[in-house]
Amino acid sequence: MSLDERITPEQAATQVGTASGENKEYSVIGKSVGRIDGRAKVTGQAKYTGDLKFPGMLYGKILTSPHAHARILSIDTSEAEKLPGVKAVITHKDVPSLKYGISPARWDENIFCIDKVLFVGDKVAAVAAVDEETVYKALKLIKVEYEVLPAVLDPLKAMDEGQAQLHEDYPRNLNTEIHQSFGDVDKALAEAYHVRTDYFVGQRAYQSPIEPHSAISVWEDDKLTVYSSTQSPHYFQYYIARQFGLPMGKVRVLKTHIGGGFGGKLEPTGLEFAGAVLAKLTGRPVKMFYDRHEMFAHNRGRHRQYMKLSTGVDQNGKILGVHADFVMDGGAYTSLGVASAYYAGALLTILYDFDNYKFDMYRVYTNLPACGAQRGHGHPQPRFAFESHLDNIAKDLGIDPIELRLRNARKANTVTPNDFKVESCALTEAIEKARDISNWKQKRSHRPQGRGIGIGLGAFVSGAGYPIYRTNLPHASAVIKVNEDGSSATLYTGAVDIGQGSDTILCQMAAEAMGYSFAKMQIISADTEAAPHDFGAYASRQTLMSGWAVKEAGEEIKAQLLNTAAGIMGYAVEELDCRDERIFVKDQPEISKSFAEVAKEFFVTQGPLVGKGSYTPPKLGGKFKGAAVGTSPAYSFAAQVTEVEVDEETGEVKIVEAWDVHDCGKVINPALLHAQVHGAFYMGMGEAVWEEVKFDDQGRILNSNLAEYRLPTALDMPKFHSELVDSYEPNAPWGVKEVGEGATTPTMGSISNAIFDAIGVRISSLPMSYEKVWRALKEKRKQQTT
Amino acid sequence: MAQVITDAQGVKRYLINLSVNGDTHTLMVKGNSLLVNVLREDLELTGTKKGCELGDCGSCTVLMDGKPVNSCMVLAVEAEGRAITTIEGVAPNDKLDKLQESFIDHAAIQCGYCTPGMILSGKALLTRNPHPTEEEVREAISGNLCRCTGYVNIVKAILAASEQE
């Protein structure tokens, strides 16, 4: 699809929906239809990978390292092999030694460790047996002799001389080093009216989807089928094929339903590789699975970042230049960390309009579980830091934090210093609305003891401008096939519904483009054999990117139908339109034929009625190193206000109420959209106050369960308001933008600023736990008395 | 007391009658067999989910004599003689329960993995307290973790179903 086929903003102005998302221009989109998978999910019929069974299926598990850093001296599997019920035991000797990873720039993982283990939980061997109990018994019978090595557990010391080295190819444990500079930051800071420097520290957080990972591998002759709880069947297919030297056409990856991902199910886990080998060796299907502890150990959750921010402003608070100087704890492997490292700095330019920007980043290896992409990928912690930093500046200058943000807010049709083109942007409107609906001015000026109110802004890409590995494949594609009698239509797409509702909204889009109805749509998605290629659920990409492909496919169906109808009805194609399953003469709508009738006629005379579409974003971004990360056809914007109450005796933080106002373009399904905002706020709130993966001094996880890794419950969630501002994105189908990831980016900052407002002390590390608040208050009282 | 059979290795197995969704199943289980595994593996009622196997997440919630329990924390032998309801038993005749309808109508479902447990906890609440307050709803589902929804629409769905009484 070329750019000029798309609607212009001027044309769109007449079509834009209201903030409620309702729009009479459209029949199917803009409406809160119920989820297409709703009934299956409320009745327990929805099958997840772990629910599937195949005749003769074996159960498999991976043996992991008990040491953070150790040399493997020997592995003896003989006792395990003798246990009745054990069908196969494998180690590195039984699998390809080719390194893999998700970031092609740094392939640094093996299916099983060969010489060394690099964290507690690193993969050493695997077993397949007749039942779970036998598998666990067999794992205990594998004898591995280790020589324990000194471990690197402190990321700030990882680059020092004399520290242990994780990977020979990466001296000083330096995984990714970034130095970007735009404009002249030194000059901007030198000339500024006020310069402030602040330090912030994040924490390791984990996605914690409620469904544990699992994968079932089945071989039929030389073809491998893997059922997996994956956010991207395509990347799994690509990496599995590469690892085993198979043509991609001989590897089928599909998911059934998936119980949440949030970034943690984006890359192969080892379950797929080990399962494929075990299934091949035994000639039987093998189900591999992680328990809750193993999920935490496999990780790929949020990186802990150490963030130094220096910003110069003029007398009015206009930002002149920003220097971000960060270190990131990557854990033992790269995972998606190269991208995480770039994202950390890249998206700091998106919300506020300034010309001078410098970003330095060191992502280091440590002997801890590898970190990857968690909702908001690399951006939420720097955004927390920057929003907190900006409130500190507002206080220094005596300017209201909302006023300061309004003075710096990005406008539509601007370009960031790092070359991201922003077309639609209703950030100012979002801030003003959040201010008004939260009653900000009143609450800020009359606050009871212990209460505070804060604002944080957020933004995110609507899909990454470039795929994870280099390829010229379209980013999304879709096929729609209308049933022979026109009574239903099936959308085939590689897009992945991990709970966010993409199956539903893509069917709404298909029906809208075809002139059909949502109730008659069916979908087959996320199956590399049955559906055409799509990169999957990450970078908040599917509404825009998969949406383009679906729209094009739907329009092709409609064009073919109108062509057939023109012959039957005796009108020119241009005189006809189709909507709500009726093909009608535009000037005389009473003259019409049903969609089904014409579709059947099409099939009889011309064969299957099929439409197809695909989407590749235009070339985006600048020419500097790392310019691709952060590029996107469109950016969402959000303003979030949070009110908190702090118990000054105990430090306990209660989130009382929150208001989110989003610019996410045209809305396809308002109910599902607001539900994304609820969940994103919830996740940000958890990371703001409670969630942190903790380790002992041997690198062992202390809280790898859902009681001690404290997920917020229904009792923690405040009264919550989700609102929209009108917006239309010219680079997107029907003007849509993302919501799922961006909505989690403002939360930690808005809570941080609310706590600051409540207690007058800045908590500069995450999570802002009761203990930290209590200690800060104690320190404050001590200073007041001395 | 259940009949016990000891195999050649000395492992005891118990012959139990489990009443699930109104049907009685006669099963041979080990003393350490968990109810969740018997429901999922032996009876193929996979609507009961496994999320943590530690009693933390609530995705394996079933009703035992009308009370919500984590079925990963209940031994199968303990469930004998109790009336067990799983998500498959909430709408036995293809007609959805009003709480299930309400979850769909209020967009209270995302990934769906916590949904069966949420619905059963909500069902148990509405049975003992047909008109709960919002706080009582939050309390009733506080043992069911959801990672997608922030509970906002789940609370709405349960309250809306209670208003239909």
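Only this structure's heavy atoms are used, side chains among them; waters, hydrogens and symmetry mates stay out. By convention in this document, chain letters (A, B, ...) are assigned in the order of the sequence lines, proteins followed by strands, and residues within each chain are numbered from 1.
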For a quick test of reading the model, state the closest non-hydrogen atom pair linking [X] to [Y] and the distance between them.
X: Thr713(A); Y: Leu145(B); answer: CG2-CD2, 4.1 Å
X: Arg147(B); Y: Tyr206(A); answer: NH2-O, 3.1 Å
X: Cys52(B); Y: Leu706(A); answer: CB-CD1, 4.3 Å
X: Glu44(B); Y: Lys53(A); answer: OE2-NZ, 3.7 Å
X: Gly51(B); Y: Arg292(A); answer: O-NH2, 2.9 Å
X: Cys148(B); Y: Phe262(A); answer: SG-CZ, 3.8 Å

Next item on the list: Tell me, for Leu54(B) versus chain A, whether the close heavy atoms (under 4.5 Å) come from the side chain, the backbone, both or neither.
Entry: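 Answer is side chain: those atoms of Leu54(B) sit under 4.5 Å from chain A.
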
Counting heavy-atom pairs under 4.5 Å with chain B, which one of [options] comes out on top?
options: Gly44(A), Ala714(A), Gly679(A); result: Ala714(A)
options: Pro712(A), Pro209(A), Gly501(A), Gly50(A); result: Pro712(A)
options: Pro212(A), Ala671(A), Gly260(A); result: Pro212(A)

Item checked: Short side-chain to backbone donor-acceptor contact, Gln110(B) and Ala675(A), under 3.5 Å ->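 At least one qualifying donor-acceptor pair exists.
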
Check: Can you check whether Leu715(A)'s main-chain N or O pairs, donor with acceptor, with Arg138(B)'s side chain at less than 3.5 Å?
Finding: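 The answer is no, because no donor-acceptor pair under 3.5 Å joins these two groups.
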
Heavy-atom pair count under 4.5 Å with chain A, highest-scoring of [options]:
options: Gly47(B), Ala108(B), Cys111(B), Ser59(B); answer: Cys111(B)
options: Cys114(B), Gly89(B), Cys146(B), Gly55(B); answer: Cys146(B)
options: Leu96(B), Asp97(B), Asp56(B); answer: Asp56(B)

Output the distance between atom [atom1] ([X]) and atom [atom2] ([Y]), rounded to the nearest 0.5 Å.
X: Ser214(A); Y: Lys50(B); atom1: OG; atom2: NZ; result: 10.5 Å
X: Ile109(B); Y: Asp37(A); atom1: CD1; atom2: CG; result: 7.5 Å
X: Glu134(B); Y: Lys719(A); atom1: CD; atom2: NZ; result: 8.5 Å

Notebook entry, point to check: Do NZ/NE/NH1/NH2 and the carboxylate oxygens of Asp94(B) and Arg39(A) come within less than 4.0 Å?
Noted result: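 Salt bridge present between Asp94(B) and Arg39(A).
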
Item checked: Check ion pair Arg40(B)-Glu132(A) (N to O, under 4.0 angstrom) ->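 Looking at Arg40(B) and Glu132(A), the cut-off is not met.
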
Margin query: Between His678(A) and Tyr151(B), is the side-chain contact (heavy atoms from CB on, under 4.5 Å) condition met? List the steps.
Written below: CA-CA 8 Å; His678(A) 301 160; Tyr151(B) 311 98; over 6 Å; no

Next item on the list: From the options Glu101(B), Gln100(B), Met118(B), select the one residue that forms a side-chain contact (heavy atoms from CB on, under 4.5 Å) with Val42(A).
Entry: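 Testing Val42(A) for a side-chain contact (heavy atoms from CB on, under 4.5 Å) against Glu101(B), Gln100(B), Met118(B) leaves exactly one candidate, Gln100(B).
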
Next item on the list: Please identify each residue that fulfils side-chain hydrogen bond (donor to acceptor under 3.5 Å, both in side chains) with Thr26(B), with sequence neighbours left out.
Entry: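 side-chain hydrogen bond (donor to acceptor under 3.5 Å, both in side chains) list for Thr26(B), sorted by chain: Asn17(B).
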
Give, as side chain, backbone, both or neither, the part of [X] having an atom under 4.5 angstrom from any heavy atom of chain B.
X: Ile210(A); result: both
X: Ile498(A); result: backbone
X: Ala46(A); result: backbone

Next item on the list: Give the intermediate values and the outcome of salt bridge (Lys or Arg N to Asp or Glu O under 4.0 Å) for residues Glu133(A) and Lys30(B).
Entry: CA-CA 12 Å; Glu133(A) 198 177 329; Lys30(B) 287 187 186 170; 3.0 Å; yes

Check: Does one side chain, of Glu88(B) or Gln45(A), offer a donor that lies under 3.5 Å from an acceptor on the other?
Finding: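 The criterion, which ignores hydrogens and geometry beyond distance, is not satisfied for Gln45(A) and Glu88(B).
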
